[in-house]
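Contents: one structure, followed by commentary.
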2 protein chains.
Amino acid sequence: MPRDTLTREQIVHAAVELLDAEGMEGLNMRALGKRLGAAATAVYWHVGSKDDLIALAGDHVWNEIALPDLQRCSPDDWRPAATDMADGLHAMLTRHPWLVQAFGSLLMAGPGKARHDDHNLALYEAAGFTGARADQAAAAVFTFVLGNAVGTAAAASLTRKLDREGDNAAQSMREGMAKAREVASSFPRLRARLETAAADYGAAPDDTFAFGLRAVLAGLESQRDAADSFESA
Amino acid sequence: MPRDTLTREQIVHAAVELLDAEGMEGLNMRALGKRLGAAATAVYWHVGSKDDLIALAGDHVWNEIALPDLQRCSPDDWRPAATDMADGLHAMLTRHPWLVQAFGSLLMAGPGKARHDDHNLALYEAAGFTGARADQAAAAVFTFVLGNAVGTAAAASLTRKLDREGDNAAQSMREGMAKAREVASSFPRLRARLETAAADYGAAPDDTFAFGLRAVLAGLESQRDAADSFESA
DNA sequence: GGCAGTACTTGAACACAGTGCAAGTCCCTT
DNA sequence: AAGGGACTTGCACTGTGTTCAAGTACTGCC
């Protein structure tokens with residue numbers, strides 16, 4: 001495992017692994033150095049700063065998402081491709097929940113994201129959205145998926161926090177639930193949801209995402225047609 | 001300005017102000033203490049930890065958003081109310097861009113958010129979404145607005161970073177643009193967007209948000225009706 | 001083979017962060 | 001007046017990003 005000389009790719013790879021395993025607050029230069037079998041400060045030869053490293057890692061993961069073929073993508077039948085693309089993004093963000101935190105605090109605009117964005121834009125142009133509307137449609141879906149990932153990130157962070165508390169994780173969990181229940185007690189609708197949520201916990205998030213995505217795509221189509229009739233008027 | 005004794009409310013208020021002005025990485029206990037005219041460690045008597053404080057501040061701002069009257073909200077005419085509510089959330093997140101970062105790294109479930117969530121849920125129930133569908137519809141809109149705020153947070157963070165660099169902010173900005181242009185150069189669609197974006201910079205984000213929101217609401221209505229016909233079949 | 005220079009690596013150090021601790025200071029109650 | 005609780009303070013400890021001077025090792029050249 002320990003190499004005598006480091007490379008940028010190795011560092012980025014290790015950083016992504018560490019971030020996946022420990023999250024944003026688990027990434028520090030000494031831990032990264034240890035994982036690489038090198039001193040913490042050795043990283044600084046290959047990378048300007050920690051922020052640079054995060055930007056590098058944050059861009060790298062965009063390359064993981066598969067780009068659907070757009071040959072069969074037409075204004076009459078574009079939703080399957082759009083769904084594939086959104087699902088790909090969703091899965092990537094689920095694998096790397098830290099990305100949304102990095103995204104919110106740094107500007108992320110590297111080649112990996114550019115590759116994704118370009119294809120995404122092409123998709124909505126092929127789907128019949130013209131000019132700025134293609135941008136807006138692509139942004140709407142992107143935004144929805146990103147927003148969903150915020151919740152995922154929060155959950156992942158919470159899970160790790162509970163893990164870190166070790167023994168009394170279950171008790172901590174119970175306390176949190178009790179507090180939530182107490183807060184919700186004055187809000188009848190929330191209390192009802194809290195009780196049903198305990199039953200189908202785990203399956204719900206995916207359904208909610210799929211439902212929302214379907215709604216967004218359906219809505220975009222209706223807006224596209226509305227825009228068309230607007231422009232031709 | 002200096003008080004002889006602190007209160008929780010004062011501390012939370014000051015924390016929100018500091019977060020609004022300096023962002024997440026500008027909030028530290030010594031700076032907060034100075035703003036309060038007290039020693040940094042004095043805060044710890046009123047608040048368990050920095051994370052607790054952020055949770056407190058992060059919940060407090062939810063109370064700022066106005067809750068629309070639901071009397072006139074019906075399955076035939078619910079979108080104005082939903083738009084109001086989403087706009088309120090959007091405005092609040094724009095005022096407090098740090099909230100999305102806090103949201104992504106801590107679990108936020110206090111009374112302020114509960115108040116909002118309950119009303120939001122009530123709205124979608126009044127709009128004719130039944131059972132879990134009301135949850136999913138509310139979540140879809142919430143998620144979209146939240147996702148939008150991620151971009152806002154990133155922009156605010158970038159702006160502050162440029163400010164911090166002081167004199168050569170303009171140069172830094174230019175460098176960033178040049179780099180983006182270089183990255184985009186191999187992606188024809190992105191390059192075109194970058195050029196048009198330079199023209200109508202500033203007005204675009206609001207339009208994009210409004211367009212996306214319209215699409216989401218339209219899509220939800222179509223999905224609601226589809227679900228109805230599904231259930232009655 | 002020796003030599004220089006380049007490409008890294010290292011350990012010690014600095015500045016600043018969150019936070020625990022013991023020792024205050026004030027004010028209110030009895 | 002005395003005591004105690006509410007609150008504040010300064011100090012110090014740990015962990016973090018980052019810098020820097022000092023290495024080490026490899027490369028190509030004479």
Side-chain angles (χ1 to χ4, degrees), chain A residues 1-16 18-19 21-58 98 101-102 104-107 157 160-161 163-166 172, chain B residues 1-16 18-19 21-58 98 101-102 105-107 157 160-161 164-166 172:
Chain A
M1 192 74 82
R3 300 287 299 271
D4 50 352
T5 194
L6 263 42
T7 69
R8 224 170 143 103
E9 285 84 43
Q10 278 173 24
I11 292 176
V12 171
H13 188 75
V16 170
L18 222 172
L19 284 165
E22 312 271 358
M24 207 78 195
E25 70 268 354
L27 175 68
N28 64 69
M29 303 309 258
R30 329 228 189 216
L32 183 61
K34 188 167 287 181
R35 176 175 283 252
L36 287 162
T41 50
V43 176
Y44 279 88
W45 178 258
H46 304 270
V47 150
S49 69
K50 189 186 185 184
D51 280 1
D52 281 3
L53 174 60
I54 292 174
L56 248 27
W98 47 270
Q101 283 168 262
S105 53
L106 281 322
L107 181 75
S157 180
R160 261 193 310 276
K161 187 181 229 167
D163 275 1
R164 219 175 309 121
E165 297 188 2
S172 224
Chain B
M1 194 72 83
R3 299 288 299 270
D4 51 351
T5 194
L6 263 42
T7 70
R8 223 171 143 104
E9 285 83 42
Q10 278 172 22
I11 292 176
V12 171
H13 188 75
V16 170
L18 222 172
L19 284 165
E22 313 271 356
M24 207 76 192
E25 70 268 355
L27 175 69
N28 64 71
M29 303 309 259
R30 330 229 188 213
L32 183 61
K34 187 166 291 182
R35 177 176 283 252
L36 287 162
T41 50
V43 177
Y44 280 89
W45 207 90
H46 304 269
V47 149
S49 68
K50 187 185 185 182
D51 281 0
D52 280 3
L53 174 60
I54 292 174
L56 247 26
W98 47 271
Q101 282 167 263
S105 55
L106 280 322
L107 180 76
S157 180
R160 261 193 311 277
K161 187 182 231 168
R164 219 176 310 120
E165 297 188 3
S172 226

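In the text below, chain A, chain B and the rest are named by the order of the sequence lines, each starting its count at 1.
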Write down the distance between CD (A:Glu25) and C1' (D:dG17), rounded to a whole number of angstrom.
-> 16 Å
Could you state the atom-to-atom distance from CD1 of B:Ile54 to C1' of C:dA17 in whole Å?
-> 13 Å
Which atom pair, heavy atoms only, marks the closest approach of B:Glu25 to B:Ser157?
-> OE2-OG, 4.3 Å
Could you state the CE-P distance from B:Met29 to D:dT9, rounded to the nearest angstrom?
-> 14 Å
Under 4.0 Å: is that the gap between some side-chain N or O of A:Thr5 and OP1 or OP2 of C:dT9?
-> yes
To the nearest angstrom, the CG-C1' distance between B:Leu32 and D:dT9 comes to 16 Å
Using atom CD of B:Gln10 as one end and atom C1' of D:dC7 as the other, report the distance to the nearest whole Å.
-> 13 Å
Which residues, if any, of residues 40-53 of chain A bring a heavy atom under 4.0 Å of DNA chain C?
-> A:Thr41, A:Ala42, A:Trp45, A:His46
Are any non-hydrogen side-chain atoms of B:Met24 and B:Ile54 less than 4.5 angstrom apart?
-> yes
Heavy-atom check, side chain of B:Leu18 versus side chain of B:Trp98, under 4.5 Å = no
Do the non-hydrogen side-chain atoms of A:Leu32 and A:Leu36 ever get within less than 4.5 Å of each other?
-> yes
Applying side-chain contact (heavy atoms from CB on, under 4.5 Å), run through A:Tyr44 and A:Met29 and close with a yes or a no.
-> CA-CA 9 Å; A:Tyr44 279 88; A:Met29 303 309 258; 3.6 Å; yes
In whole angstroms, how far is the P atom of D:dG17 from the CD1 atom of A:Ile11?
-> 14 Å
Distance-only donor-acceptor test (3.5 Å): side chain B:Arg30, base C:dG18 | yes
Distance, rounded to the nearest Å, where A:Arg8 contributes CZ and C:dA7 contributes P = 15 Å
Kindly determine whether B:Lys161 and A:Leu106 satisfy side-chain contact (heavy atoms from CB on, under 4.5 Å), including the steps that lead there.
-> CA-CA 9 Å; B:Lys161 187 182 231 168; A:Leu106 281 322; 3.7 Å; yes
